[in-house]
Peer 1: 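Dumping the structure here so I can ask a few things about it.
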Amino acid sequence: MSAQQGIALETMLVDAGADSLIALALRTTCEPGETVVSTAGTYPTFGYFAKGQGCRLIEPSYFEAPGVLAPDLEALIAAAHQENARLVYLANPDNPSGHLHNDSAILKLREALPDSCWLMLDEAYGDFRDDAGSEFAAKAIPGVIRLRTLSKAHGLAGLRIGYAIAAPEVLAMMMKVRIHYAVSSLTLAAAEVVLDHPGEVNQHVADVKSPP
Ligand SMILES: Cc1ncc(COP(=O)(O)O)c(C=O)c1O
């Protein structure tokens, strides 16, 4: 999987879908009572898991303007500083707004967050980006835990498989709290087949993007 996706093996951790990785990354980085920040109205599972773990959840509103609904990066940064947050969650592209913040906005966000604050970058819909195969897309970014899934463009939602991209030290911590047999061998075999057929995946993406 790492070779097919062009991701260095030591920066990749496979687990049972993006949701499982959200829970895993939260358990790795946050203690009960610590504060996390997410956008009100974004993909809600992050908030469910954060609250379930006893974290304090702060949710700034979306940025809204005519024709624009987007996670408000300035508001996320301000909340992270004001509330001494341990982690900020951002879905990029966002669900449900579909808004995509570009790479330079993501790097600026990372720079503007406190050093002690993680950025959890949920890229479940990253395969639908026009630049999905870019070099940036395959890179571990310091202070960032990137999450990907084969549930969307690859159509394997029911088989439960995804992966994180992060620095090896972070992945080593995640490995310690991970359920080691979370991904079945049947799922791994199916993932290999799908990843060996990028044309099929590209067709799914094109079908989703094409007007009815
Ligand atoms: C933004 C986002 N992240 C994660 C998920 C969950 O993905 P998975 O099936 O890999 O757990 C979804 C599913 O709808 C999603 O929209």
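Treat the numbers as computed from the prediction; the structure is a model and nothing was measured. Numbering of ligands and ligand atoms starts at 1, following listing order.
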Peer 1: What residues, two or more places apart in sequence or in another chain, satisfy salt bridge (Lys or Arg N to Asp or Glu O under 4.0 Å) together with Glu83?
Peer 2: Arg56

Peer 1: Under the salt bridge (Lys or Arg N to Asp or Glu O under 4.0 Å) rule, collect the residues that match up with Asp72, sequence neighbours excluded.
Peer 2: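 Scan of Asp72 (salt bridge (Lys or Arg N to Asp or Glu O under 4.0 Å), adjacent residues dropped) gives none.
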
Peer 1: Could you verify whether a donor N or O on one side chain and an acceptor N or O on the other, from Asp19 and Tyr48, lie under 3.5 Å apart?
Peer 2: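 No, no side-chain donor-acceptor contact under 3.5 Å.
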
Peer 1: Partners of Lys176 by salt bridge (Lys or Arg N to Asp or Glu O under 4.0 Å), sequence neighbours excluded?
Peer 2: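 With neighbours one apart ignored, the set is empty.
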
Peer 1: Enumerate, one pair per line, all nitrogen or oxygen atoms of ligand 1 lying under 3.5 Å from a protein nitrogen or oxygen, stating the separation to 0.1 Å; write 'none' if no such pair exists.
Peer 2:
| unit_1 | atom_1 | unit_2 | atom_2 | d |
| --- | --- | --- | --- | --- |
| ligand 1 | 3 (N) | Asp122 | OD1 | 3.3 |
| ligand 1 | 3 (N) | Asp122 | OD2 | 2.6 |
| ligand 1 | 9 (O) | Ser151 | OG | 2.7 |
| ligand 1 | 9 (O) | Arg160 | NH1 | 2.8 |
| ligand 1 | 10 (O) | Ala18 | N | 2.7 |
| ligand 1 | 10 (O) | Thr149 | OG1 | 2.5 |
| ligand 1 | 10 (O) | Ser151 | OG | 3.2 |
| ligand 1 | 11 (O) | Ala18 | N | 3.3 |
| ligand 1 | 11 (O) | Asp19 | N | 2.9 |
| ligand 1 | 11 (O) | Arg160 | NH2 | 2.7 |
| ligand 1 | 14 (O) | Lys152 | NZ | 2.7 |
| ligand 1 | 16 (O) | Asn95 | ND2 | 2.7 |
| ligand 1 | 16 (O) | Tyr125 | OH | 3.1 |

Peer 1: Report, as yes or no, whether the 6.0 Å neighbourhood of atom NE2 on His81 holds more than 12 heavy atoms from other residues, nucleotides or ligands.
Peer 2: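 Correct, the count exceeds 12.
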
Peer 1: Does NZ or CZ of Arg129 lie under 6.0 Å from the centre of the six-membered ring of Phe136, at an angle within 45° of the ring axis?
Peer 2: no

